[in-house]
J.: 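Quick one: the structure is below, questions incoming.
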There are 2 protein chains.
Amino acid sequence: MTESQGFGDMLVWLSLVIQRRYAQICTDHDLTSAQASLLCVVKDRPLRMAELAANLGMAKNALSQLVDRTERRGLVQRESPEPDRRVITLGVTPAGKKVAEALYADVADRLPDIAADLSPDDQQHLRRIATLIATANLPGPC
Amino acid sequence: MTESQGFGDMLVWLSLVIQRRYAQICTDHDLTSAQASLLCVVKDRPLRMAELAANLGMAKNALSQLVDRTERRGLVQRESPEPDRRVITLGVTPAGKKVAEALYADVADRLPDIAADLSPDDQQHLRRIATLIATANLPGPC
DNA sequence: TGCCGAAGTTCATGCCGTGAACTAACTTCG
DNA sequence: CGAAGTTAGTTCACGGCATGAACTTCGGCA
């Protein structure tokens, strides 16, 4: 009954297209999608593990292991700066910062390619709508 | 320099939001995202492995293993209908068909929730734009 | 016949996420 | 003070997933 076909369906395909391009850009920087997202979230300021887990929408144990792998590569480091000695914050190393910035720039540069065939109006629409949905549905940063 | 902040970035977040909701709906039907997508692609007509791999954007070997797991659950079955005995086509079982249709309906029903806060105009924009990008960037079905 | 290429598969490896059990550190309150 | 409960984070075993490399089978072509 939903007219044309599959709004939901189309959203899934859209996300697959984005996901694929993103993964490609990440591997060009020798990163996985998960590690790349992690890096981008902490690139400007350290965050606690719990906050990070919420931001990325993953369980604490999954995050812990992701951090293990990323730390092993020297891109990120655990710190324990608070009086409460249980809390661990995660920051980037200088190397990680460089990688993060290069990746971020590349994403900004190459990811919008998927929208290259759209009219300028539609590109603006998409940008606006993506921002709305992302900020509305993520416990997120801002 | 790109105004406001991060078009590329926003697209990534958008795709994460969609991906998460989709994964949730899939697990509600006891499926993984990959198996769900596979099922939806073959639910109406059988396809060759090579075509499937192209449609889903994955390597042939990855597909082969995905099919193994999905076939083991009795949702899908390999056939060898052509004179060329190398080609294998993949079709759904009756059980698989039922699951696929229930899932598809649920996706159509619940996935657009993420856009619920948008104005009706924006929802139409999003639907249209998603369709454009998806069909333009997928070797896909149509 | 003999050789090349295409369709699928198999294997080993590594990343990723989950559930369950665990440690260490703080908090509460008698 | 000190025992009970809570919170932050980790560890482990397991399964799904993707990749690269090697392999089998089959068709095409000379």
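Keep in mind the model is a prediction, meaning the values are calculated, not measured. Residue numbers start from 1 in every chain, and the chains themselves are labelled A, B, ... in the order their sequence lines are given, proteins ahead of strands.
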J.: Got a sec, which residues hit side-chain contact (heavy atoms from CB on, under 4.5 Å) with A/S119, two or more places apart in sequence or on another chain?
T.: A/D121, A/D122

J.: Give every residue pair that meets the salt bridge (Lys or Arg N to Asp or Glu O under 4.0 Å) criterion with at least one member in residues 24-33 of chain A, sequence neighbours excluded.
T.: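 Pairs touching residues 24-33 of chain A that pass the test: A/D28-A/R110.
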
J.: With sequence neighbours excluded, what pairs up with B/Q123 under the side-chain contact (heavy atoms from CB on, under 4.5 Å) test?
T.: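 Applying side-chain contact (heavy atoms from CB on, under 4.5 Å) to B/Q123 gives B/L118.
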
J.: Axis-to-axis angle across the helix from C/dT1-D/dA30 to C/dG30-D/dC1, five pairs an end, to 10 degrees?
T.: 0°

J.: Evaluate the side-chain proximity of A/R69 to A/L66: yes if any heavy-atom separation is below 4.5 Å, no if none is.
T.: yes

J.: What's A/A62 touching, base or sugar-phosphate or nothing? Going by heavy atoms closer than 4.0 Å.
T.: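 Since a base atom lies under 4.0 Å of A/A62, the category is base.
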
J.: If every non-hydrogen atom of B/Q77 is compared with every non-hydrogen atom of B/T93, which pair is closest and at what distance?
T.: OE1-CG2, 3.9 Å

J.: Students should find this one: the first and last nucleotides of DNA chain D, 5' to 3', lying under 4.0 Å from a heavy atom of chain B. What are they?
T.: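 Listing 5' to 3', DNA chain D meets chain B from D/dG16 to D/dG27.
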
J.: Without decimals, in angstroms, what is the distance between A/R48 CZ and C/dA25 C1'?
T.: 13 Å

J.: I need the residues from residues 81-93 of chain A with at least one non-hydrogen atom less than 4.0 Å from DNA chain D; give them sorted by number, or say none.
T.: A/R86, A/V87, A/I88

J.: About how many Å separate CD1 of A/I129 and CD1 of A/I133, when rounded to the nearest 0.5 Å?
T.: 7.0 Å

J.: Can you list every pair that meets side chain to side chain donor-acceptor pair (under 3.5 Å) and has a residue in residues 83-92 of chain A, with sequence neighbours left out?
T.: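 For residues 83-92 of chain A: A/D84-A/R86.
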
J.: Heavy atoms only: give me the nearest A/R78-A/S64 pair and the separation to one decimal.
T.: NH2-O, 3.3 Å

J.: Provide the full list of ring-ring contact (aromatic ring centres under 6.0 Å, His included) pairs with a residue in residues 106-131 of chain A, sequence neighbours left out, each pair given once.
T.: A/H125-B/H125

J.: Between A/A130 and B/L11, which heavy-atom pair has the shortest distance, and what is it?
T.: CB-CD2, 4.4 Å

J.: In a table with atom names and distances, give each donor-acceptor pair under 3.5 Å that connects a side chain of residues 35-43 of chain A to protein atoms at least two apart or in another chain.
T.:
unit_1, atom_1, unit_2, atom_2, d
A/Q35, OE1, A/R73, NH1, 3.4
A/S37, OG, A/Y22, OH, 3.4
A/S37, OG, A/S33, O, 3.1

J.: Sugar-phosphate means primed atoms, P, OP1 and OP2; the rest is base. With that split, encode nucleotides 11-16 of chain C 5' to 3' as B, S or - using protein heavy atoms under 4.0 Å.
T.: BB--SB

J.: Tell me, please, which residues at least two apart from A/D117 pass side-chain contact (heavy atoms from CB on, under 4.5 Å).
T.: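 Only B/A136 meet the side-chain contact (heavy atoms from CB on, under 4.5 Å) criterion with A/D117.
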
J.: Quick one: list whatever passes side-chain contact (heavy atoms from CB on, under 4.5 Å) with A/E82, sequence neighbours left out.
T.: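 Testing A/E82 for side-chain contact (heavy atoms from CB on, under 4.5 Å), a comparison that skips the adjacent residues, returns A/R48, A/V87.
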
